[in-house]
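Below: the structure, in structure tokens.
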Amino acid sequence: MNEITDNMSSDSISSKPLMLFNSMTRKLEAFTPVHEGEARVYTCGPTVYNYPHIGNMRAYVFADLLGRTLSWKGYKLTHVINITDVGHLTDDGDAGEDKLEKAAAERAQSIWDIARHYTEAYWEDIKALNIRQPAHWSIATDYVPQMIEYAKAIADKHCYELDSGLYFDVSTVADYGRLARAATEDGEGRIEAVEGKRNAADFAIWRKTPEGESRQMEWDSPWGKGAPGWHLECSVMSEALLGLPFDIHTGGIDHREIHHPNEIAQNQAHSGCDHSGAQFWMHNNFLIDRSGKMSKSSGEFLRLQLLIDKGIHPLAYRLMCMQAHYRSELEFSWDNLIAALTRLKRIVMGVERLQERLATAQDAKAPHPKIAEIRDQLNAAISNDLNSPPVIPLLEELLSLKKIDAAQRMDLLQEIDLLLGLNLGKLTRVDLRLPPKSVSISETEIEQKLDMRQQSKIAKDFAAADAIRDDLMAQGVELMDGDPLRWEWSIKI
Ligand code: AMP
Ligand code: ZN
């Protein structure tokens with residue numbers, strides 16, 4: 001059910017243009033691929049010095065929705081997500097230390113172990129959120145020789161050397177910073193001065209290991225021992241794996257200010273033309289909490305595992321993301337998340353009922369016009385810059401149309417889920433009843449107590465039935481007699 005095949009896309013789906021918001025022009029533009037029938041997408045991946053927070057994961061849920069949409073529209077998708085295991089400094093400009101070096105020093109661990117541990121943790125979150133595997137996970141440290149060659153190729157015309165490294169001179173390319181636009185001023189304000197830099201926005205593409213020091217991760221280069229700059233990585237890996245220009249480059253909105261303008265400058269230098277390197281630059285907005293943007297460096301942050309420990313299925317978070325347009329800020333609150341979980345439970349129950357109907361379905365019926373109508377609405381929403389929020393009520397409407405042939409409803413349901421990625425049809429109500437870590441009672445014990453309570457009620461021993469209810473309540477289990485969802489019980493979150 002999770003497989004999207006190229007032949008899924010019928011004419012009516014592919015003939016409607018896919019309009020995407022291009023951060024470069026700040027306009028909606030119709031997607032037309034560089035290579036006929038293909039879609040090549042590069043997504044800036046995580047810096048693996050810590051666990052990803054759920055805000056980071058919003059960036060990958062968005063990239064996944066984009067990839068699923070392109071597949072649904074009939075394009076052969078090649079998606080690359082990189083893993084930054086070297087080069088990302090504590091400030092996106094040129095200030096501070098390498099995030100991984102810093103984490104390794106603080107924890108007295110090998111940088112390679114840190115990178116491996118957090119890469120695996122990130123991949124677990126990718127799986128838990130039902131994000132499809134990209135064609136390539138490109139690991140930055142695997143590409144260092146190519147990065148050195150790339151830097152050599154642009155050094156003479158576009159770079160200069162300082163004691164601290166090889167710097168890119170942004171005045172050597174046309175229209176530097178056009179992606180960031182008005183925000184450029186702010187962006188530059190954040191860049192710490194490095195003595196000898198020709199322009200405030202110049203950035204290191206190779207950082208030399210200071211004299212007399214050694215780093216855990218360093219390589220020989222024509223500019224001395226050192227490590228590549230973060231921006232260089234993405235330019236090298238995207239060009240190596242997708243070719244320039246490719247179709248779409250994605251990332252969080254913060255990348256619009258420094259990281260992506262710097263990638264673009266390098267792409268221009270290396271290709272020798274003014275093309276930015278990608279047809280579309282797309283950015284998801286932030287997941288915020290009341291105090292502002294969620295960040296890893298602020299110490300306390302929300303990991304997907306924390307949600308799971310509290311008994312909230314990760315796909316409830318995915319649904320919460322789908323309930324907002326990717327370009328809107330999304331405010332995190334536990335209430336919103338619990339509301340998304342309840343909504344997901346209702347959807348899953350609707351799917352279970354549909355599966356029951358399908359099992360007893362009669363002969364095939366003529367195509368029902370309402371199915372085509374919903375499908376058109378789905379196509380209209382998703383083709384409008386991946387407008388996912390209206391898709392969820394469409395799904396709910398489809399589940400409520402009990403008079404319409406189950407097989408036709410199931411086909412469309414599967415198609416909707418190919419886009420939303422909620423794993424419908426496989427996800428069960430038992431999956432959604434994750435016990436919070438703090439609760440020690442098992443499902444079997446709960447079910448046994450419910451049986452006993454049922455017996456007490458039959459015997460009209462209401463005092464015993466109430467005692468069981470109170471006992472369960474004390475253990476965090478809430479009974480929901482007459483619950484319209486027929487959920488019977490849930491564990492308090
Ligand atoms: P990092 O690991 O810091 O390089 O970030 C990984 C991805 O998460 C990047 O695309 C960031 O732009 C994105 N990102 C960071 N914070 C947030 C947030 N609060 N909400 C959404 N995306 C974010
Ligand atoms: Zn990047």
Side-chain angles (χ1 to χ4, degrees), residues 19-29 31 41-47 52-53 55-63 65-66 80-82 84 87-95 168 170 173-192 199-203 205 229-235 237-238 242 244-269 274-288 292-297 321 324-330 385-386:
M19 303 301 292
L20 298 173
F21 186 83
N22 193 348
S23 298
M24 185 60 90
T25 56
R26 303 288 202 270
K27 281 192 188 122
L28 284 175
E29 292 172 20
F31 175 76
V41 180
Y42 184 90
T43 294
C44 282
T47 308
H53 57 61
N56 297 128
M57 295 315 292
R58 186 181 186 204
Y60 307 106
V61 169
F62 149 63
L65 173 65
L66 172 66
V80 176
I81 306 181
N82 76 283
T84 296
H88 193 169
L89 303 191
T90 43
D91 187 286
D92 280 3
D94 268 323
F168 191 98
V170 299
V173 289
D175 220 1
Y176 171 78
R178 60 192 188 273
L179 179 69
R181 295 226 183 153
T184 311
E185 299 301 312
D186 289 349
E188 288 187 359
R190 282 181 48 215
I191 297 175
E192 230 169 70
N199 312 286
D202 290 354
F203 55 91
I205 66 172
W230 172 42
H231 317 299
L232 181 64
E233 300 172 4
C234 287
S235 283
M237 294 186 285
S238 58
L242 300 175
L244 289 195
F246 55 92
D247 295 298
I248 306 174
H249 195 312
T250 81
I253 189 113
D254 48 338
H255 288 348
R256 207 177 64 180
E257 311 309 323
I258 298 175
H259 182 48
H260 289 169
N262 291 354
E263 273 189 52
I264 291 171
Q266 294 165 153
N267 295 348
Q268 286 174 257
D274 286 342
H275 199 290
S276 71
Q279 303 267 75
F280 282 81
W281 292 83
M282 293 179 70
H283 298 99
N284 63 279
N285 212 324
F286 283 137
L287 178 75
I288 53 166
K293 179 200 154 205
M294 222 163 258
S295 91
K296 280 192 254 198
S297 36
C321 291
H325 188 263
Y326 75 89
R327 282 196 289 122
S328 311
E329 277 188 346
L330 171 59
D385 196 25
L386 316 177

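Computed from a prediction, not measured in an experiment: that's the story for all the values here. Scope of the values below: all heavy atoms of this structure, side chains included, with no hydrogens, waters or symmetry mates.
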Of all the heavy-atom pairs spanning [X] and [Y], show the shortest one and how long it is.
X	Y	result
Gly45	Asn82	N-OD1, 2.7 Å
Gly177	Pro261	CA-CB, 4.2 Å
Ala63	Thr250	CB-OG1, 4.0 Å
Val173	Ala269	CG1-N, 4.2 Å
Tyr176	Ala265	CD1-CB, 3.9 Å

Side chain to side chain contact (heavy atoms under 4.5 Å, CB included) assessment of Asp385 paired with His325:
CA-CA 9 Å; Asp385 196 25; His325 188 263; 3.3 Å; yes
Measure the shortest side-chain to side-chain distance between [X] and [Y] over non-hydrogen atoms and say whether it is less than 4.5 angstrom.
X	Y	value
Leu330	Arg58	yes
Asn56	Pro46	no
Phe21	Leu28	yes
Met237	Tyr42	yes
Gln279	Phe246	no
His260	Cys234	no
Phe62	Thr43	no
Leu244	His275	no

When you measure from the side chain of [X] to the backbone N and O of [Y], does any donor-acceptor pair fall under 3.5 Å?
X	Y	value
Arg256	Met282	no
Asp247	Val41	no
Gln266	His231	yes

Spacing of [X] atom [atom1] and [Y] atom [atom2] [to the nearest 0.5 Å]:
X	Y	atom1	atom2	value
Leu242	Ile248	CG	CD1	11.0 Å
Ser23	His249	OG	NE2	11.5 Å
Phe286	Glu329	CZ	CD	8.5 Å
Asn22	Ser276	CG	OG	8.0 Å
Gln268	Ser235	CD	OG	10.0 Å
Asp274	Ile264	CG	CD1	11.5 Å

What do the steps show when you test Tyr326 against Leu386 for side chain to side chain contact (heavy atoms under 4.5 Å, CB included), and what is the final call?
CA-CA 8 Å; Tyr326 75 89; Leu386 316 177; 4.0 Å; yes
Test Phe168 against Leu232 for side chain to side chain contact (heavy atoms under 4.5 Å, CB included), laying out the working first.
CA-CA 10 Å; Phe168 191 98; Leu232 181 64; over 6 Å; no
Can we call the ring centroids of His259 and Trp281 under 6.0 Å apart?
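Ring-ring flag for His259/Trp281: false, centres at least 6.0 Å apart.
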Over 60° means perpendicular and under 30° means parallel, so classify the ring planes of Phe280 and Phe31, tilted if in between.
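Geometry flag for Phe280 against Phe31: tilted rings.
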